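A quick note: this is a predicted structure, and the numbers were derived from the prediction, not measured.
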Amino acid sequence: MRTRTARRGSVVAALFLALCAPTAVAAPVPRTADTADTAENAGAVLVARRAALAAASRGGGASGLDFRTCPAVEDLPAHVRCATLRVPLDYARPDGPQISLTVSRAAATGARGAARQGALVQNPGGPGASGMYFPLVGGLPGWERIAAAYDLVGYAPRGVGRSAPLSCRDPAARPKGPTQEPARPSPAYKMQRLTQAREYARGCARRAGAALPHYTTLNNARDLHVLRAALGEEKLTFMGASYGTYLAAVYATLYPRHVRRMVLDSAVDPDPRRVWYRNNLDQSRGFEARWHDFRAWVARHHATYGLGTTPAAVQAGYERVRDAVARTPAGGTVGTGELRAALLQAAYYDDVWPDRAAALAAFVRGDPSVLAAQAAPDPAAAAEAENATAVYTAVLCNDAPWPADWQTWDRDNTELARTAPFETWANAFLNLPCASWPVRGRQAPVPVGSQPDRLPRTLVVAAERDGATPYPGALELQRRLGTGASLVTETGAGSHGVAGGRNGCVDRHVERYLLTGATPGWRVRCAPHPEPAPVSLDDGAAGARRALLPPVV
């Protein structure tokens, strides 16, 4: 399922769909973490032990990684240092082919005499997003005490960025816009998208070769285990957002004795029965609810935007814009696909609501330039977007069995689109390569919560109306993590990614937990952060600002 969290990145366009019967691909045979993966788990333990010994040989709790000035391509300031971590491509062959993961670190500042507590490692989600920029949060308001006590460590997971980068097609071959998506896909259009999805899956196999099966959440967790050891840490202190919460839950299931503290922000539902096909159906329902929230906010600010006084009226205005760009793309590059992708950002973050509403309002009034400025594809980000989509697809397709028959996809999404039309088909088409994924023996999802040892206290934070990772997933994650898991809920809010500056109540709980290990109780509620103020069409800001958002992965 597509998730976002980090504060940098670019928008990845949706791909998708296609033919009545799947291509001739061997039926996936589910594997489990405790059977076929025994060799991989043993390999990960061996590699982590070697990494720990390398760190110990430096003495004084030093890292076994060689942190130096970051390469210019990383675009990081001088106080952030970079290193590479060597891990096996296949943990069943720990001494076989190796890949390099890029790692970044800002050392604990020790401000005001704070004692160093070790490394705080972060994963921003995706899968497919890079965490290399995480050390920069130490310079943001509200992070001072955490940055004083912890080395802030980010990394690019396998396949991402310069970490053995995965690609499924030439970025230059991506549609440059406009793309036109029908509001209600016809059988012929569905067949076209199914054909494209199959070709995309074949492209992943051609480009990745024998490495393709090794991009999985299980291997991401094993890489994290080795990174922890290489940092000289006996136990992992971790912040995971969105997909990063699922990675953390899998890590905690595999390595419970190596968990120190975990903050899990905007939780993916880890129920093996929902990973990943049903999770994506749930996500489309969640996006529909947030699309309604956006339209209700625009209606409350009719005096500013003039788009209608009810959500239904705003929807009608959106449909007029969609029909118009289907005929004449805004700025020559924004068709219905780009329009939907731009408005999908409003289902993730309410801080973009003023800009998106202003773009719609300006278009209705005869000025398409504001929408074109916000929604046009960014050619400079094409390679990053292609890479993020490739990793996202490979991990989700490898992680679990998916329906192989088109009829199941068509039936489920046709039914869902009756009540959740905004994003259902685009979401389905994005994941459709998994129906014909050219990897034999895809694994069964990890039974999160089946760890033999009780976990230390963990902290789950979630927004009650989050569309990308719907709130029931946070309840399920808390249940599976056990009695030591605390859940902090931002009530009545739905922006994806709660911790880190959006809600002071949530941030106080997160800071206290990371600094002391104390959790606020089984379930705690925080009032929602304030809704954004409307932006007048006359102030010019709406057309000039573009939110720095992460990849849609």
Side-chain angles (χ1 to χ4, degrees), residues 2 9-17 169-186 188-189 192-193 195-196 199-200 291 294 298 305-307 314-348 352-389 421-423 425-426 429-430 535 537-553:
R2 290 172 297 175
S10 61
V11 177
V12 175
L15 21 121
F16 228 75
L17 217 68
R169 63 181 176 188
D170 182 356
R174 290 175 56 85
K176 296 177 175 59
T179 56
Q180 302 293 4
E181 304 172 346
R184 296 174 182 82
S186 67
Y189 180 78
Q192 175 188 343
R193 297 301 300 269
T195 300
Q196 292 172 2
E199 177 54 34
Y200 185 83
W291 173 236
F294 167 67
V298 175
Y305 299 113
L307 290 170
V314 176
Q315 176 71 26
Y318 167 74
E319 291 174 0
R320 288 195 299 273
V321 175
R322 185 180 63 200
D323 291 344
V325 299
R327 295 189 301 269
T328 305
T333 59
V334 175
T336 56
E338 289 77 22
L339 173 68
R340 177 199 51 77
L343 270 297
L344 177 61
Q345 295 176 12
Y348 278 99
V352 306
W353 287 2
D355 287 356
R356 297 298 179 265
L360 292 177
F363 191 100
V364 168
R365 296 182 187 186
D367 179 6
S369 65
V370 182
L371 178 61
Q374 292 186 25
D378 181 1
E384 177 189 350
E386 193 284 324
N387 172 236
T389 302
F422 177 67
E423 185 64 14
W425 280 113
F429 296 151
L430 175 68
V535 175
L537 297 183
D538 297 326
D539 77 1
R545 294 186 301 163
R546 291 193 66 174
L548 289 176
L549 298 177
V552 183
V553 290

Side chain to side chain contact (heavy atoms under 4.5 Å, CB included) partners of D170, counting only residues at least two apart: A172, A173, R207
field: Pairs meeting criterion ring pair (Phe, Tyr, Trp, His ring centres under 6.0 Å) with involvement of residues 366-389, two or more places apart
entry: none
message: For R327, give me all partners under side chain to side chain contact (heavy atoms under 4.5 Å, CB included), at least two apart in sequence or on another chain.
response: D323, A324
- prompt: What residues form a side chain to side chain contact (heavy atoms under 4.5 Å, CB included) with P379, not counting sequence neighbours?
  reply: none
field: Minimum side-chain heavy-atom gap L371-V325 below 4.5 Å
entry: yes
field: Sidechain-backbone polar pair: Y305 side chain, A359 backbone, donor-acceptor under 3.5 Å
entry: no
statement: Taken in chain and number order and not counting sequence neighbours, the residues that satisfy side-chain hydrogen bond (donor to acceptor under 3.5 Å, both in side chains) with S369 are D367
message: Looking at every non-hydrogen atom in both residues, tell me the closest pair between P185 and A183 and how far apart they are.
response: CD-O, 3.9 Å
query: With a 4.5 Å limit on heavy-atom distance, are the side chains of L307 and Y318 in contact?
result: no
Sequence neighbours left out, cut at 3.5 Å: what donor-acceptor pairs do the side chains of residues 332-339 make with other protein atoms?
| unit_1 | atom_1 | unit_2 | atom_2 | d |
| --- | --- | --- | --- | --- |
| T336 | OG1 | Q180 | OE1 | 3.1 |
| T336 | OG1 | E181 | N | 2.5 |
| T336 | OG1 | E181 | O | 3.0 |
| E338 | OE1 | T179 | N | 3.0 |
| E338 | OE1 | T179 | OG1 | 3.3 |
| E338 | OE1 | G335 | N | 2.8 |
| E338 | OE2 | T179 | N | 3.1 |
| E338 | OE2 | T179 | OG1 | 2.9 |

task: Sequence neighbours left out, what passes side-chain hydrogen bond (donor to acceptor under 3.5 Å, both in side chains) with E319? Give chain and number order.
output: Q315
query: ring-ring contact (aromatic ring centres under 6.0 Å, His included) with F363: which residues, sequence neighbours excluded?
result: none
message: To the closest 0.5 Å, what do you measure between CD (E386) and CZ (R169)?
response: 7.0 Å
task: Inspect the contact between R340 and E423 and indicate whether a charged nitrogen and a carboxylate oxygen are less than 4.0 angstrom apart.
output: yes
message: Looking at every heavy atom in both A375 and A342, which two are closest together, and how far apart are they?
response: CB-CB, 3.7 Å
task: Check P178 against P329 and note the closest heavy-atom contact, atom names and distance.
output: CG-CG, 3.5 Å
